[in-house]
Amino acid sequence: MVRKKWFTRNIKFKQIVNNMYIIENPRVPSVHPIEENLKAGTEIEINGTIHDHNEEFAIELLSGANIILHINFRFEENYEMVLNSFINESWDNEVRHNHPLRSHDPFHIRIYVHEGYYNITVNNDLLVEFDHRFPVVAVQSIGIKGSVEVESIVFKGFEFKTEWNKRQNIVHGAVNYAYDTVPNAPPLAQIEGTQYY
């Protein structure tokens, strides 16, 4: 029996002195807590490779069952990046933009938080600015799912006053197995008993 590659990956968490926190080789799908509030000047970078079959993948900033920011890379037809929010059990209006990614392509996706909007860059090209539809302080975690291999998730611009690695190890397994199995139900906040918006 051949095991899927993502079951055998070694996930490594480490905090780096120069104001970065890196998660290496996360499983897909997976959810990772964000230990401090997002604010203007914080950023999240996702580095990886597109799988060979042209199926979509998504990156999501989550707050309980709410998806504060949904970035969906689609590969059929026009190679579109679809941005949206799922708040209080309802999808908002989609924003669509073409993206440059193709099968087997490496990628560097950056979500940079500004006052009032996000900058979304792909391979160092600014593709779109997306207005905040919900307060960024509500974001509790990042989820990644779909046909993609992720090499690293990098958090920058945070104060790192809390121990990011400690909680990662506690809830990582339970959240990962729940994410992407029930529609719109990343249960991180519910598992940990924290408040969500």
Side-chain angles (χ1 to χ4, degrees), residues 16 18-26 28-63 66-87 91-160 164 186:
I16 298 178
N18 60 350
N19 208 27
M20 288 191 303
Y21 179 76
I22 300 174
I23 301 171
E24 296 176 326
N25 301 313
V28 177
S30 63
V31 174
H32 304 276
I34 299 174
E35 297 293 334
E36 298 175 31
N37 290 340
L38 290 181
K39 60 183 179 183
T42 55
E43 62 184 280
I44 303 170
E45 298 176 356
I46 303 94
N47 302 291
T49 306
I50 307 295
H51 284 174
D52 58 350
H53 39 71
N54 285 328
E55 295 179 16
E56 62 188 58
F57 74 95
I59 299 167
E60 298 175 326
L61 298 182
L62 308 166
S63 179
N66 295 312
I67 302 172
I68 306 302
L69 174 62
H70 170 79
I71 308 170
N72 181 221
F73 290 85
R74 298 181 183 174
F75 294 92
E76 76 281 348
E77 298 177 22
N78 299 325
Y79 294 93
E80 288 184 316
M81 177 174 65
V82 178
L83 295 99
N84 206 342
S85 298
F86 183 83
I87 309 294
W91 285 104
D92 205 330
N93 296 322
E94 291 183 343
V95 173
R96 293 173 176 259
H97 195 284
N98 291 336
H99 68 77
L101 301 177
R102 301 297 183 264
S103 292
H104 302 292
D105 278 359
F107 64 81
H108 173 80
I109 298 167
R110 180 175 172 253
I111 304 167
Y112 188 87
V113 181
H114 289 274
E115 289 290 339
Y117 65 97
Y118 303 96
N119 270 354
I120 312 297
T121 63
V122 176
N123 295 342
N124 298 317
D125 290 327
L126 176 62
L127 292 190
V128 68
E129 293 179 348
F130 186 76
D131 290 339
H132 297 169
R133 295 178 174 177
F134 206 73
V136 295
V137 297
V139 173
Q140 297 173 312
S141 56
I142 183 171
I144 302 173
K145 59 186 175 181
S147 185
V148 66
E149 182 172 332
V150 176
E151 295 158 12
S152 65
I153 305 170
V154 181
F155 300 87
K156 296 180 179 178
F158 295 88
E159 295 180 21
F160 300 109
W164 283 49

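Note: hydrogens, waters and symmetry copies are ignored here, and every other heavy atom, side chains too, is used. FYI, the numbering just counts along the sequence from 1.
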Exercise. Who pairs with H97 by ring pair (Phe, Tyr, Trp, His ring centres under 6.0 Å), at least two apart in sequence or on another chain?
Worked result: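 Per chain and number, H97 pairs via ring pair (Phe, Tyr, Trp, His ring centres under 6.0 Å) with no residue.
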For this session: Please name all residues satisfying ring pair (Phe, Tyr, Trp, His ring centres under 6.0 Å) with F57, sequence neighbours left out, ordered by chain then number.
Result: F73, F107
Problem set entry | Check: S63 side chain, A138 main-chain N or O, donor-acceptor pair, under 3.5 Å | yes
Exercise. Are the side chain of E36 and the backbone of E159 linked by a donor-acceptor contact shorter than 3.5 Å?
Worked result: yes
For this session: Please assess R110 against E43 for the test side chain to side chain contact (heavy atoms under 4.5 Å, CB included), listing each intermediate value before the final yes or no.
Result: CA-CA 7 Å; R110 180 175 172 253; E43 62 184 280; 2.8 Å; yes
To the nearest 0.5 Å, what is the distance between [atom1] on [X] and [atom2] on [Y]?
X	Y	atom1	atom2	result
L61	I71	CG	CD1	6.5 Å
I23	E151	CD1	CD	14.5 Å
Y112	I120	OH	CD1	13.0 Å
E94	N84	CD	CG	5.5 Å
L83	E129	CG	CD	12.0 Å
E24	S152	CD	OG	7.0 Å

Exercise. With respect to I34, which candidate in L62, T42, I142 satisfies the side-chain contact (heavy atoms from CB on, under 4.5 Å) definition?
Worked result: I142
Seminar exercise, completed: Tested for side-chain contact (heavy atoms from CB on, under 4.5 Å) against L38, the lone hit among L69, I111, V136, I68 is V136
Does some side-chain heavy atom of [Y] sit less than 4.5 Å from a side-chain heavy atom of [X]?
X	Y	answer
I46	I144	yes
E149	I50	no
P26	H32	yes

Problem set entry | Residue from W91, F134, F130 passing ring-ring contact (aromatic ring centres under 6.0 Å, His included) with H70 | W91
For this session: I would like to know whether T49 and V148 meet side chain to side chain contact (heavy atoms under 4.5 Å, CB included); could you show each step before the answer?
Result: CA-CA 6 Å; T49 306; V148 66; over 6 Å; no
Exercise. When the ring planes of H114 and Y117 are compared, do they come out parallel, tilted or perpendicular, using 30° and 60° as the limits?
Worked result: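 Plane angle under 30°, so parallel.
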Exercise. For E115, does the CD atom have more than 12 heavy-atom neighbours from other residues, nucleotides or ligands under 6.0 Å away?
Worked result: no
For this session: Can you sort out the partners of R133 under salt bridge (charged side-chain N to carboxylate O under 4.0 Å, His left out), two or more places apart, ordered by chain and number?
Result: D92
Exercise. If we ignore angles and hydrogens, is there a donor and acceptor under 3.5 Å between the side chains of H108 and N123?
Worked result: no
Exercise. Is it the case that E56 and S147 place a side-chain donor and acceptor less than 3.5 Å from each other?
Worked result: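 Side chains of E56 and S147: no pair found under 3.5 Å.
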Problem set entry | Worked check of ring pair (Phe, Tyr, Trp, His ring centres under 6.0 Å) between F75 and H99 | CA-CA 9 Å; F75 294 92; H99 68 77; 5.1 Å; yes
Exercise. Which heavy atom in A58 sits nearest to a heavy atom in N72, and how many Å separate them?
Worked result: CB-ND2, 4.0 Å
Exercise. Is it true that E55 and R74 have a side-chain N and a carboxylate O under 4.0 angstrom from each other?
Worked result: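 Judged by the 4.0 Å cut-off on N to carboxylate O distance, E55 and R74 do not form a salt bridge.
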Problem set entry | Pair I153-E45, side chain to side chain contact (heavy atoms under 4.5 Å, CB included): steps then yes or no | CA-CA 6 Å; I153 305 170; E45 298 176 356; over 6 Å; no
For this session: Show your reasoning for whether side chain to side chain contact (heavy atoms under 4.5 Å, CB included) applies to Y79 and N98.
Result: CA-CA 6 Å; Y79 294 93; N98 291 336; 5.7 Å; no
